[in-house]
Amino acid sequence: MDDRTTPAGTDAVVTDAAPRDAGAGETTTYSAGRLRSRLRAEVLIVLGLSLGQSAVYAVVNIVARLTLETPLGQQSTAMNPSRSTRPYLDLTYQLLSIGFALVPVALALYLLSEPGRRATARIGLDGRRPWRDLGAGVGLAALIGVPGLGLYLAGRALGITVEVHASTLNAHWWTVPVLILAALQNALLEEVIVAGYLIERLEQLGWRPAAVLATSAVVRGGYHLYQGFGPFVGNVVMGLIFGEYYRRRRRTMPLVVAHTLIDVVAFVGYALLPASALAALGLA
């Protein structure tokens, strides 16, 4: 899909190889201007069905929190809550939630696919370089995870971050596996949408690199705003680093590895550490 103009200054014609409502042998064509309009609409739809929607709710949530009589620093939020008092019904709800949360990932990959080229190869979500991706992912997790914890603790000390309970699941034999799956789901959803898909589409729309990175990072920070301003800043920084990594390497797999590791440590550590240890870390 080319977004250039012809030498004569007229819009280039883009041909869709798969005919829509046309007779045999016919094709559908789009001008560059119409293609840009379609891409803008597509981006808004994908974000509206996924993380953009979450960002809007998070903005409303932080406004609601700030207008309460209780100071922000004395409020709390829970991630990965139990959904039923009946263990196997809770497990069913957890797995359904994880599965349906990945539907926007499938949609983004479908929209990024091109004839002769899989979307997973386009954004580097494959196993072609497992050891290099693993090494890069571990390095990125260390680069982001430790300062991220520091920003959270600083936000708590300043009273601008709510107390975040990373897991409130009841203790069952399946708790840790579900938390690991939840971490992987978060990583796939966020890195495919805001790193891979969004950057690819904004570049196709002709945005400057700084604007692309800033938009990706602010969207990432936006849907964490319900946790307070510390996590918002931390995730914007994470978005800038991850976005620039993707722009240079065109691989989301190391980002998925890094994000999964960060969330596994947060979710599983919170679920397994005793209350005294969490309190010593400032996490309870």
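For the single chain, residues carry numbers from 1 onward in sequence order.
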Original post:
Between Phe242 and His259, how do the two ring planes meet: parallel, tilted or perpendicular, split at 30° and 60°?
Top reply: perpendicular
**OP:** Following the transitive rule for hydrophobic clusters with a side-chain heavy-atom cut-off under 4.5 Å over Ile, Leu, Val, Met, Phe, Trp and Tyr, establish whether Leu51 and Phe100 coincide in one cluster.
**Re:** no
**OP:** Could you tell me whether Arg248 and Glu244 have a side-chain N and a carboxylate O separated by less than 4.0 Å?
**Re:** yes
Subject >> Test item: side-chain donor near acceptor, Tyr152 and Gln227, under 3.5 Å >> reply: no
Original post:
Same hydrophobic cluster for Leu39 and Leu44, using side-chain heavy-atom links shorter than 4.5 Å among ILVMFWY?
Top reply: no
Subject >> Polar side chain donor-acceptor pair, Asp90 to Gln94, under 3.5 angstrom >> reply: yes
**OP:** Please say whether more than 12 non-hydrogen atoms of neighbouring residues, nucleotides or ligands are located less than 6.0 Å from CZ in Arg129.
**Re:** yes
**OP:** Give a yes-or-no answer on whether the side chains of Tyr197 and Glu191 include a donor-acceptor pair shorter than 3.5 Å.
**Re:** no
Original post:
Looking at Val162, Thr77, Ile62, which hits side chain to side chain contact (heavy atoms under 4.5 Å, CB included) with Tyr226?
Top reply: Thr77
Original post:
Salt bridge between Arg251 and Asp126, side-chain N to carboxylate O under 4.0 Å?
Top reply: yes
Original post:
Tell me, do Leu189 and Pro104 make a side-chain contact under 4.5 Å, heavy atoms counted?
Top reply: yes
Original post:
In the single-linkage hydrophobic clustering (I, L, V, M, F, W, Y; side-chain heavy atoms under 4.5 Å), do Leu66 and Leu225 co-cluster?
Top reply: yes
Subject >> Cluster link Leu143 to Leu255, ILVMFWY, side chain under 4.5 Å >> reply: yes
Subject >> Crowding at CZ, Arg250 (>12 non-hydrogen neighbours, <6.0 Å) >> reply: yes
Subject >> More than 12 heavy atoms from other groups under 6.0 Å of CZ on Arg249 >> reply: no
Original post:
Is there side-chain contact between Leu109 and Ile123, with heavy atoms separated by less than 4.5 Å?
Top reply: yes
Original post:
Going hydrophobic residue to hydrophobic residue with side-chain gaps under 4.5 angstrom, can you get from Leu96 over to Leu181?
Top reply: no
